[in-house]
Amino acid sequence: MKLRAEDLGPLARGAAVLGTGGGGDPHIGRLLAEQALREHGPVEVVAVGDLPDDACVLPVAMMGAPTVMVEKLPSADQISVAVETLAKYVGKTPTHLACIEAGGVNSTVPVIAAAQLGLPLVDGDGMGRAFPELQMVLPTLAGIEATPMSIVDEKGNRGVFDTVTNEWAERLARSATIDMGCSAIVSLYAMTGADARGSFVAGTLSKCVTIGRAIEQARRQLADPVAAVVDELGGRLLHVGKVVDVQRRTTTGFARGDAAVDGLDGSHGRLLVLRFQNEHLVAELDGTAVATTPDLIIVLDTESGEPITTEALRYGHRVSVLAAPADERWHSPAGIDLVGPRYFGYDLDPIRALS
């Protein structure tokens, strides 16, 4: 399979759906990737199951607060430099690049690196969605180390962390990212093909393209694009309404806040509140939690079906809020410890999307 410029619109749109509000601006990621593909040509995409055992897979991503990423773009060479820096440190030649999460910009950043470096891209990712911290990936549950990891800013500063735990990788890299202006490129979780087969969510990029095209097709056919996304994800509609309040702040390298959605149509008279840290983590309907992390909480424009990221939520938006199931590995005891509501400070047991 070849990833071409015409695939990037659906890819970025679908990735923003799976990104649950985080992962960076999909429009920015698409523009950067289109430029790379025009310059270097299409990127080969390889199924997770087809990776050789001894492949050297290097994921690459943008780290920081999505609110900052909207205005602070990476430089032309920053993304490939992050990969080259890690490869030099570990003393290996990468054979494949990969997405560490499904999110707007972070499903296209690896496309840029793959085009620049002439390497194939893995059709999978480390989460099946987006989460705000570096250790919050399925490879952590599989015992794969986040470090050595490289970090590069747009000025040309670069560094490598080699930490005792994946949690320390997040802590130290977050501090460095703040000093770098709350946005940096990282390459981390260097792994073999066998590691990727055992820890990745397979088919993520293909799924993103399928979701994006389902939205486009529904609009062309004058059908309901929100219903099309619900069908593709096997999820459910939680609420339809108008955004009446957004409280957002950028602190400790994250976009944190709450958004209130006053019900319309079948949700009239009800209020849904979204709690987010880069990604939507809890949805409360009339004061009662109805969906939580690790399952996906997704906000779409009601009319167009376009996914709306947490940094783009504005007063007056007419939105539909969905819940969809996450990869089942996230509901293991170790997965809940890593990304469940209590990790983020909410005194809740996880509430399943289809409960």
Side-chain angles (χ1 to χ4, degrees), residues 15 17-23 48-49 57 59 61 63 98-103 106-107 122 124-147 149 163-171 173-174 186 188-192 194-204 207-208 233-236 238 254 274-284 289-298 310 322-355:
V17 170
L18 294 182
T20 64
V48 171
V57 181
M63 180 178 183
C99 304
I100 200 63
E101 69 175 358
N106 272 338
S107 286
V122 176
D125 82 303
M127 304 182 198
R129 49 158 299 159
F131 280 119
E133 297 183 7
L134 293 182
Q135 77 278 15
M136 295 176 174
V137 295
L138 293 170
T140 293
L141 299 185
I144 299 169
E145 295 182 353
T147 65
M149 68 168 284
T163 61
V164 292
T165 65
N166 292 358
E167 289 76 14
W168 269 105
E170 159 65 26
R171 184 172 175 177
R174 189 68 54 180
V186 296
L188 68 173
Y189 287 100
M191 64 183 77
T192 66
D195 290 334
R197 290 202 308 274
S199 66
F200 263 33
V201 178
T204 306
K207 185 173 184 177
C208 289
L233 296 181
R236 66 185 175 108
L238 296 177
F254 298 104
L274 296 163
R275 315 285 186 189
F276 58 83
Q277 179 181 321
N278 289 9
E279 288 76 29
H280 296 296
L281 301 173
V282 177
E284 299 171 355
V290 291
T292 70
T293 177
D295 280 347
L296 286 67
I297 300 169
I298 300 158
T310 53
L322 321 179
D327 186 285
E328 195 59 29
R329 286 170 286 183
W330 284 124
H331 287 283
S332 67
I336 296 301
D337 286 345
L338 193 60
V339 298
R342 285 192 169 82
Y343 178 89
F344 295 101
Y346 303 105
D347 189 17
L348 293 167
D349 291 326
I351 297 173
R352 302 292 292 256
L354 300 182
S355 61

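These numbers were taken from a predicted model, which means no experiment stands behind them.
- Taking 4.5 Å as the limit, every side-chain heavy atom of Glu167 sits out of range of all side-chain heavy atoms of Glu133.
- Arg275 places none of its side-chain heavy atoms less than 4.5 Å from the side chain of Phe344.
- In this structure, Asp295 and Ala326 approach most closely via the heavy-atom pair OD1-N, 2.8 Å.
- Not one N or O on the side chain of Asp327 forms a donor-acceptor pair closer than 3.5 Å with the backbone of Gly126.
- A distance-only check finds a donor-acceptor pair linking the side chain of Tyr189 to the backbone of Leu134 [under 3.5 Å].
- A distance-only check finds no donor-acceptor pair linking the side chain of Thr147 to the backbone of Met149 [under 3.5 Å].
- Residues Ser107 and Asp125 are not in side-chain contact: their nearest non-hydrogen atoms beyond the backbone lie 4.5 Å or more apart.
- The closest side-chain heavy-atom distance from Thr204 to Met127 is not below 4.5 Å.
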### Message
Determine whether Gln135 and Arg171 satisfy the following criterion, side-chain contact (heavy atoms from CB on, under 4.5 Å), listing intermediate values before the conclusion.
### Response
CA-CA 10 Å; Gln135 77 278 15; Arg171 184 172 175 177; over 6 Å; no
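- Remark: side-chain polar atoms of Thr310 are not paired, donor with acceptor, to backbone N or O of Gly22 under 3.5 angstrom.
- The shortest heavy-atom contact between Ala98 and Phe200 is CB-CE2, 3.7 Å.
- Under a 3.5 Å cut-off, the side chain of Arg129 and the backbone N or O of Pro294 do form a donor-acceptor pair.
- Inter-residue side-chain proximity for Val137 and Leu338 is flagged as unmet; no heavy-atom pair is nearer than 4.5 Å.
- Side chain of Arg329 to backbone of Gly335: no donor-acceptor contact under 3.5 angstrom is found.
- Inter-residue side-chain proximity for Val17 and Leu233 is flagged as met; some heavy-atom pair is nearer than 4.5 Å.
- When side chains are defined from C-beta on, Ile351 does not count as touching Val290, because their heavy atoms never get closer than 4.5 Å.
- When all heavy atoms of Pro59 and Met191 are compared, the closest pair comes out as CG-CE, 4.4 Å.
- For the pair Leu188 and Glu145, the minimum side-chain heavy-atom distance is 4.5 Å or more.
- Closest approach of Ser199 and Leu138 over heavy atoms only: O-CB, 3.2 Å.
- Taking each heavy atom of Phe131 and Glu279 in turn, the nearest pair found is C-OE1, 3.2 Å.
- Taking each heavy atom of Pro341 and Pro350 in turn, the nearest pair found is CD-CG, 3.8 Å.
- In this structure, the side chain of Asn166 engages the main chain of Ala146 through a donor-acceptor pair within 3.5 Å.
- Not one N or O on the side chain of Thr20 forms a donor-acceptor pair closer than 3.5 Å with the backbone of Ile297.
- No salt bridge links Asp337 with Arg342; every basic N to acidic carboxylate O contact stays at or beyond 4.0 Å.
- Rounding to the nearest 0.5 angstrom, the gap separating the OH atom in Tyr346 from the OG1 atom in Thr292 is 10.5 Å.
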